[in-house]
*Asks:* 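A single structure is presented below for examination.
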Amino acid sequence: MTEGTTSAAQGGDTLTRLEQEGEIAADYLEGLLDIADLDGDIDMDVEADRAAVSIISDSGGRDLQKLVGREGEVLEALQELTRLAVHRETGDRSRLMLDIAGFRAKKRTELAELGAQAADEVKSTGEPVKLQPMTPFERKVVHDAVAAAGLRSESEGEEPQRFVVVLPA
């Protein structure tokens, strides 16, 4: 077997593993929706080498907002519980991302804009810009936006007060 064949086989194995994580998460979340008597459809995908599961609703998602909570706090907790359910079934740590009613997708867009604005400010002033404390997901989106703008950034501080600093080139 050549190195290229091994790599392709490993890539297929990774995709299969991530799809399995998505299936386990979907089953877990279906049970949760049934218990909570909430309507929602589950969508599974693989994005950036991690399973991505979304709960969406045709009825505007007003009921699903209960699962998002204030500033996404309930969503974060449900994501951790879902990761634990996947870990229990597979024995492997999961990096699964959960979105409910489009909350994370909207947040990702807002954070990408924030990162781009901070990068513009650093470019014009030449001074570092410190942002407010964020979750790991939020920091990752900002880091990516800053990198896309051609600058660098670092995370500083201790959880839960960890924040991004955008630095001059």
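Computed from a predicted model, the values in this text were never measured in an experiment.
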*Asks:* Do other residues, nucleotides or ligands put more than 12 heavy atoms under 6.0 Å from the CG atom of D37?
*Replies:* no
*Asks:* Hey, is the main chain of F103 close enough, under 3.5 Å, to the side chain of D99 for a donor-acceptor pair?
*Replies:* yes
*Asks:* For the pair R104 (side chain) and L98 (backbone), establish whether a donor and an acceptor sit closer than 3.5 Å, ignoring hydrogens and angles.
*Replies:* yes
*Asks:* Check whether any side-chain heavy atom of V142 sits under 4.5 Å from a side-chain heavy atom of M134, and report yes or no.
*Replies:* yes
*Asks:* Please report the closest heavy-atom contact between A116 and A145, naming both atoms and the distance.
*Replies:* N-CB, 4.2 Å
*Asks:* Among M97, E21, R88, which residue satisfies the side-chain contact (heavy atoms from CB on, under 4.5 Å) criterion with R83?
*Replies:* M97
*Asks:* With a 4.5 Å limit on heavy-atom distance, are the side chains of P168 and P128 in contact?
*Replies:* yes
*Asks:* If you draw the axis of the six-membered ring of F163, does the NZ or CZ of R139 fall within 45° of it and under 6.0 Å from the ring centre?
*Replies:* no
*Asks:* Side chains of E30 and I42: does their closest heavy-atom pair fall under 4.5 Å?
*Replies:* yes
*Asks:* Minimum heavy-atom separation for A112 and V141, please, with both atom names.
*Replies:* N-CG1, 3.8 Å
*Asks:* Less than 4.5 Å apart, any side-chain heavy atom of L64 and any of L33?
*Replies:* yes
*Asks:* Is a donor on one side and an acceptor on the other found under 3.5 Å between the side chain of T90 and the backbone of D92?
*Replies:* yes
*Asks:* Are any non-hydrogen side-chain atoms of F137 and R108 less than 4.5 angstrom apart?
*Replies:* yes
*Asks:* Taking L151's backbone N and O only, do any of them form a donor-acceptor pair with K123's side chain (distance below 3.5 Å, no angle check)?
*Replies:* no
*Asks:* Are R17 and D13 close enough, and set up right, to give a salt bridge (charged side-chain N to carboxylate O under 4.0 Å, His left out), and what steps lead you there?
*Replies:* CA-CA 6 Å; R17 182 181 51 78; D13 291 345; over 6 Å; no
*Asks:* With the side chain counted from C-beta on, respond yes when L75 and L67 share a heavy-atom pair under 4.5 Å apart, and no when they do not.
*Replies:* no
*Asks:* With a 4.5 Å limit on heavy-atom distance, are the side chains of E73 and E76 in contact?
*Replies:* no
*Asks:* Any side-chain heavy-atom pair from L29 and V53 closer than 4.5 angstrom?
*Replies:* yes
